[in-house]
**Student:** 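I have a structure I would like to understand better, so I am pasting it below and will then ask my questions one at a time.
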2 protein chains.
Amino acid sequence: MRPLFHPAIEDVRPEAILHALADPVRAAIFARIMGAGFVEACSAVSAVGDRVIPKSSLSTHFKVLREAGLIRSERHGVEMRNHSRYDEVNARFPGLLIAIINAYARSSAPRAAAQ
Amino acid sequence: MRPLFHPAIEDVRPEAILHALADPVRAAIFARIMGAGFVEACSAVSAVGDRVIPKSSLSTHFKVLREAGLIRSERHGVEMRNHSRYDEVNARFPGLLIAIINAYARSSAPRAAAQ
DNA sequence: TCCCATAGTTCGGAATTACAGAACTATTGA
DNA sequence: TCAATAGTTCTGTAATTCCGAACTATGGGA
């Protein structure tokens, strides 16, 4: 198990962020990490919506988010803690993450929520 | 040649927009359409940066942008005019498009441009 | 009207990427 | 040392992407 790779903030690319968050499952995971006090174990995300995500897929999703520069993962005993890198990313790309999270919130709302 | 499909604004999904703009070539094309008076023929985009794009790929890129709801394409004689749907999209997902375009502008700048 | 040039689209095969089950590794606790 | 838990990696299959070649559509002459 090779050590986890985290890009430096100046190496974070918009295309990687957009690609990572273009998947609704990953966007939901990221939104949850941002919302839930900025820390969450992988195992806490066994399902998104009513869809169960196999753990190999989950692992890949976290890897994509990590390598896009959106989260920082560190081992804590047997589990993984995932911190959002929101502040760093927002400083580099102002407004990007909020706009994306809001867009998903709007589109999943029945009609014009997140107003 | 089937008629071009344009989604209604309420059917536009954030994942489609992010997927469309996660490709730097498409993002550059969209930025150019937005910048260049909101109208541009496909053939005006033979290259992005120093990279020449084959026309079959170009056609697909425009199709992805169109079906994501980002542009509206209409035939004008022998050529195609591509209008940005910025206003509609921005009304539905406020700040999303600007943030994305700005992010690309920042990342391609040598150091902290688009300030 | 017929033909040609221009602008885009569609087809098809190769290359790449994504998904998820199975096997593996790492850590903790009994 | 063994079992349990949490994640990762491997591997084969499925889905996407890319781009050259062939095709379609429109307009402008001769």
Side-chain angles (χ1 to χ4, degrees), chain A residues 1-6 13 15-30 32-33 36 39-68 70-83, chain B residues 1-6 13 15-30 32-33 36 39-68 70-83:
Chain A
M1 234 169 258
R2 55 186 79 93
L4 304 176
F5 171 69
H6 296 91
R13 320 236 89 226
E15 55 265 44
I17 292 180
L18 297 185
H19 171 255
L21 297 180
D23 182 313
V25 170
R26 281 195 294 264
I29 292 174
F30 180 67
R32 215 188 287 188
I33 292 176
V39 171
E40 182 158 308
C42 291
S43 59
V45 195
S46 56
V48 167
D50 53 355
R51 199 158 126 45
V52 175
I53 315 288
K55 65 177 188 165
S56 65
S57 304
L58 256 190
S59 178
T60 309
H61 284 322
F62 276 92
K63 183 184 182 193
V64 171
L65 290 171
R66 186 165 53 236
E67 301 194 342
L70 288 167
I71 63 175
R72 197 178 291 281
S73 312
E74 53 190 46
R75 192 169 259 283
H76 247 250
V78 78
E79 73 182 15
M80 218 66 156
R81 298 267 179 81
N82 297 285
H83 307 251
Chain B
M1 237 169 253
R2 54 186 80 90
L4 304 175
F5 172 69
H6 296 92
R13 321 237 89 226
E15 55 266 43
I17 293 181
L18 297 185
H19 171 254
L21 297 180
D23 182 314
V25 171
R26 281 195 294 263
I29 291 174
F30 181 66
R32 215 189 288 189
I33 292 177
V39 171
E40 180 156 311
C42 291
S43 58
V45 195
S46 57
V48 168
D50 53 355
R51 199 158 126 45
V52 175
I53 313 289
K55 65 177 188 167
S56 64
S57 306
L58 256 189
S59 177
T60 310
H61 284 322
F62 277 92
K63 183 184 183 193
V64 171
L65 290 171
R66 185 164 56 237
E67 301 194 343
L70 289 167
I71 63 177
R72 197 178 292 280
S73 312
E74 54 189 46
R75 193 168 258 284
H76 249 249
V78 77
E79 72 182 15
M80 217 66 157
R81 298 266 178 84
N82 297 285
H83 307 252

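Just so we're clear, the structure is a prediction, and the values are computed from it rather than from any experiment.
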**Student:** Check the distance between C/dA20's P and A/Lys63's NZ and give it to me in whole angstrom.
**Tutor:**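 Atom-to-atom, A/Lys63 to C/dA20, this comes out as 17 Å.
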
**Student:** Are A/Leu18 and B/Asp23 packed together at the side-chain level, in the sense that at least one heavy-atom pair is separated by less than 4.5 angstrom?
**Tutor:**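 In short, these two side chains do not touch, never coming nearer than 4.5 Å.
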
**Student:** Go through the steps for B/Ile53 and B/Val45 under the test side-chain contact (heavy atoms from CB on, under 4.5 Å), then give the verdict.
**Tutor:** CA-CA 8 Å; B/Ile53 313 289; B/Val45 195; over 6 Å; no

**Student:** Please tell me if A/Ser59 has a side-chain N or O lying less than 4.0 Å from either OP1 or OP2 of D/dT8.
**Tutor:**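 Result: yes.
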
**Student:** Check nucleotides 17-20 of chain D for protein N or O atoms closer than 3.5 Å to its own N or O atoms and list the pairs.
**Tutor:**
from	atom 1	to	atom 2	distance (Å)
D/dT17	OP1	B/His19	NE2	2.8
D/dC19	OP2	B/Ser57	OG	3.2
D/dG20	N7	B/Ser56	OG	3.0
D/dG20	O6	B/Ser56	OG	3.3

**Student:** Are the side chains of A/Arg32 and A/Val48 in contact, using a 4.5 Å heavy-atom criterion?
**Tutor:**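 When only atoms from C-beta onward are counted, A/Arg32 and A/Val48 do touch, with a gap below 4.5 Å.
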
**Student:** Without decimals, in angstroms, what is the distance between A/Leu4 CG and D/dA6 P?
**Tutor:**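 Rounding to the nearest Å, CG of A/Leu4 and P of D/dA6 are 17 Å apart.
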
**Student:** Decide yes or no for A/Phe30 and A/Ile17: does some side-chain heavy atom of the first lie under 4.5 Å from some side-chain heavy atom of the second?
**Tutor:**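 The answer is no; the side chains never approach within 4.5 Å.
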
**Student:** Expressed in angstrom and rounded to an integer, what is the separation of A/Leu58 atom CG from D/dT8 atom C1'?
**Tutor:**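 After rounding, the gap between these two atoms is 12 Å.
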
**Student:** For B/Ile29 and C/dG8, what is the distance between atoms CD1 and P respectively, to the nearest whole Å?
**Tutor:**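 Answer to the nearest Å: 12 Å.
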
**Student:** Side chains of A/Arg26 and A/Leu70: does their closest heavy-atom pair fall under 4.5 Å?
**Tutor:**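 When only atoms from C-beta onward are counted, A/Leu70 and A/Arg26 do not touch, as no gap falls below 4.5 Å.
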
**Student:** Expressed as a whole number of angstroms, how long is the span from B/Phe62:CZ to C/dG8:P?
**Tutor:**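 Value for this atom pair: 8 Å.
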
**Student:** A/Leu65 has an atom CG; how far is it from atom P of D/dG7, in whole Å?
**Tutor:**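 Between P of D/dG7 and CG of A/Leu65: 14 Å.
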
**Student:** Grab the CZ-C1' distance between B/Arg81 and C/dT6 for me, whole Å please.
**Tutor:**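 One finds 15 Å between C1' of C/dT6 and CZ of B/Arg81, rounded.
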
**Student:** When you get a sec, tell me which of C/dT9, D/dT26, C/dT27 is the closest nucleotide to the side chain of A/Val78?
**Tutor:**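 Out of C/dT9, D/dT26, C/dT27, the nucleotide with an atom closest to A/Val78's side chain is C/dT27.
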
**Student:** If you define the side chain from C-beta out and look only at heavy atoms, does anything of B/Ser73 sit under 4.5 Å from B/His6?
**Tutor:**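 In contact.
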
**Student:** To the nearest Å, how far apart are B/Glu74 CD and D/dT26 C1'?
**Tutor:**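 Roughly 16 Å, once rounded to whole Å.
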
